[in-house]
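For reference, the structure discussed in these notes is given below.
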Amino acid sequence: MNRKILRLMENDARISTADIATVVGISESEVEEAIRAMEAEGIIRGYKTIIDRERIDENSVSATIELKVVPKAERGFEEVAERIALYPEVESVSLMSGGCDLSVVVTGKTFRDVSTFVAKELATIDSVTATATQFIMKRYKDHGVLLTDEETDEREAISL
Amino acid sequence: MINYDKILADSVKEMKPSGIRKFFDIANTMKDVISLGVGEPDFPTPRAVRTAGIRSLELAKTKYTANRGLESLRQEIQSYVYRKYNIQYDAASEVLVTVGGSEAIDAAVRAITNPGDEIIIPEPSYVCYEPITRLSGGVPVVINTRAENDFKLTKEELLSAITERTKALILPYPCNPTGAIMEREDLEKIAEVLRKRDILVISDEIYAELTFGGARHVSIASLEGMKERTVVINGFSKAFSMTGWRLGYACGPAPIIKEITKIHQYAIMCAPTTSQYAAIEALRSCDEAVAGMLEEYDARRKIIVKGFNDLGLECREPKGAFYAFPSIKSTGLSSEEFCQRLLYSKKVALVPGDAFGESGEGHVRASYCYSLAHIKEALKRIGEFLEELGDKR
């Protein structure tokens, strides 16, 4: 049941509890209870809006920064990852396989904001030995949602 | 100047499309219509299927195939039909690949109809059976199935339609537009009538994969003694979202398939080769993709059925296909009036129930081959329409 609810909400966080109840076949209050429980357990971590920043008059620059990190004896990469995650400029932090150790997505208003942040904050962390910054030039899809112009329905309005 | 009226065949001139076609033309040219009007899936064809089609083109597999269809496809169809519906056919003599289910219906009806032969057609149902029967020189005998029976065909209705001239029964379940299905016990009663008689069943099972609420499709051909008197028609359009590929098939007794194949051979040669290669992949590897689409349809189905009922338009639970068929009798309007006014005032396109036979009057067909958001918007507008209708009365 939880999985069904999550699948619906993952698609559309604003789907009404009434609609979820109809699809899953339980009462609205049961849906609300299930959602509350999943929030309490940390399964549901939040609800955010997917914004196509190119369509609003707002400066925004993002970059993916690959970090090489010397792991600590006890906690490996955890300590530095958690520390980096605390910066509000940081959108995501992930431990990677392959060429780098941590991959960090940083967002700022301008290129300079982001490069300053990398140079002054990330690169100066003791255990960080190297950074490689790649600026994102254009997003085509974000969180599974296409940001390109929506596909038009090629079907006619009526067919039997 | 040439007199086209003299040139054209009377039987064709007499065919519908009637007034309703005008309504469709208006709906299809109107801008910003929120439609619940289509009879085809919104999902893209599964990628594996598209890739298989492309690969066949890259390998220049672009020749005619055997009239009956690629042997490898017929074998896949044989094992699919056995796996899904528990009917055992011989791929060499009992399977024919056609241009959509439509061609299979046409060729099957033509293969059995002598002038004056009667073909029984339960309605409301898909629009092709009656014109095809007439073009073949047959006489359509319509059974008006009833809302209170969930639009299932009953034994009594069948018995009252059978005469000495009855050649065949069209069995259109799961049903477009009603969403009705025939479950095993329903089919047993029909089979009981037919086993004693020389009447062929043309079972149009194009929506077989689309059944809901735990009800699995049962083919009448899988009942005892029925395989020898049934032509099963199915295809790739609905289940695999492959409408534009135009591919279907007929399975049935070898003596019948052999004759249908003659018509197919002269009229069509063979079904499109690219589509046939793609279809092999659909049958081999797409169970999961189909299940995913089915889950999505089911969510939409529940929302739309509840939506209509909440609006005061009684809507029974459709157990198959992808249509809801609510009653609009409470509005006092005819189906066509309802749909026209709704289209003009709220730009929502539905199909009047009588497009599928007189017995569809008092209902409208709403397809749920649309996203949940789209369906919700359409329902909202229908709600506004009903409110304004109420104010006026």
Side-chain angles (χ1 to χ4, degrees), chain A residues 1-35 37-38 43-44 46-52 55-56 139-160, chain B residues 17 20-21 23-42 44 125-128 176-177 213 243-244 292 295-296 298-307 309-310 323 339 343 347-352 355-356 365 367 369-376 379:
Chain A
M1 182 187 79
N2 277 358
R3 198 175 296 171
K4 265 191 166 175
I5 295 174
L6 286 175
R7 203 169 306 159
L8 290 166
M9 294 181 70
E10 197 179 8
N11 240 339
D12 176 9
R14 296 188 66 188
I15 186 171
S16 69
T17 49
D19 284 349
I20 295 174
T22 304
V23 172
V24 181
I26 56 177
S27 73
E28 254 192 273
S29 57
E30 285 172 305
V31 172
E32 278 160 18
E33 186 44 49
I35 293 173
M38 286 191 283
I43 294 171
I44 295 177
Y47 308 88
K48 295 192 86 174
T49 305
I50 299 160
I51 299 168
D52 187 353
R55 286 174 203 248
I56 51 175
R139 270 184 227 274
Y140 297 92
K141 193 176 185 182
D142 194 13
H143 288 83
V145 176
L146 288 177
L147 303 181
T148 45
D149 278 326
E150 260 185 56
E151 283 174 74
T152 48
D153 193 340
E154 286 173 0
R155 301 172 297 172
E156 288 204 290
I158 290 181
S159 63
L160 295 171
Chain B
I20 202 158
R21 189 68 237 178
F23 167 69
F24 294 174
D25 290 342
I26 293 164
N28 284 334
T29 49
M30 210 181 234
K31 281 203 171 123
D32 309 321
V33 171
I34 295 282
S35 176
L36 298 179
V38 300
E40 63 174 316
D42 55 326
S125 60
Y126 183 58
V127 293
C128 79
N176 169 15
T243 45
E295 189 181 341
E296 181 67 30
D298 194 26
R300 300 164 176 188
R301 182 182 73 107
K302 288 172 175 161
I303 295 286
I304 203 166
V305 169
K306 178 152 194 306
N309 282 314
D310 286 350
Y323 309 101
C339 291
L343 179 65
K347 292 196 167 184
V348 174
L350 298 176
V351 182
F356 305 93
R365 189 193 78 175
S367 157
C369 292
Y370 298 92
S371 70
L372 271 184
H374 183 105
I375 290 169
K376 298 280 287 181
L379 285 169

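Below, chain A is the first sequence line, B the second, and so on; all start at residue 1. Remember, it's a predicted structure, so these values are computed and weren't measured experimentally.
The candidate from B/V351, B/N176, B/D298, B/D42 with the greatest count of non-hydrogen atom pairs under 4.5 Å with chain A is B/D42. With chain A as partner, the option from B/G37, B/C128, B/A349, B/A355 having the largest number of non-hydrogen pairs under 4.5 angstrom is B/G37. For chain A, the option among B/K376, B/M30, B/R301 with the highest count of heavy-atom pairs below 4.5 Å is B/K376. Annotation: maximal heavy-atom pairing with chain B below 4.5 Å, among A/E154, A/R7, A/K4, occurs at A/R7.
Other residues, nucleotides and ligands contribute at most 12 non-hydrogen atoms within 6.0 Å of the CD atom of A/E10. No more than 12 heavy atoms of other residues, nucleotides or ligands shown are found within 6.0 angstrom of OH on A/Y140.
Contacts of B/V127 with chain A are made by side-chain atoms alone, with heavy-atom separations under 4.5 Å and no backbone atom involved. Interface remark: B/D25 contributes no atoms to any contact with chain A (heavy atom separation under 4.5 Å). Both the backbone and the side chain of B/C369 come within contact range of chain A, with heavy atoms under 4.5 Å apart. Proximity to chain A is absent for every atom of B/R300, based on heavy atoms less than 4.5 angstrom apart.
Using a 4.5 Å cut-off on side-chain heavy atoms (C-beta onward), B/L372 and A/I15 make contact.
Considering CG of B/L343 and CD1 of A/I158, their distance stands at 7.0 Å, rounded to 0.5 Å. The CG atom of A/D153 lies 7.5 Å from the NE2 atom of B/H374; values are rounded to the nearest 0.5 Å. Here the CG atom belonging to B/N28 is positioned 12.0 Å from the CZ atom belonging to A/R155, to the nearest 0.5 angstrom. Distance check, rounded to the nearest 0.5 Å: CD of B/E296 to CG of A/N11 gives 6.5 Å.
When atom types are taken as modelled, the side chain of A/T22 and the backbone of B/K302 share no donor-acceptor pair closer than 3.5 angstrom.
When every heavy atom of A/L160 is checked against every heavy atom of B/F24, the shortest pair comes out as CD1-CE1, 3.8 Å. Residues B/G39 and A/S159 come closest through the heavy atom pair N-OG, 3.0 Å. Taking all atoms of both residues into account, the shortest heavy-atom contact from B/A27 to A/A157 is O-CB, 3.5 Å.
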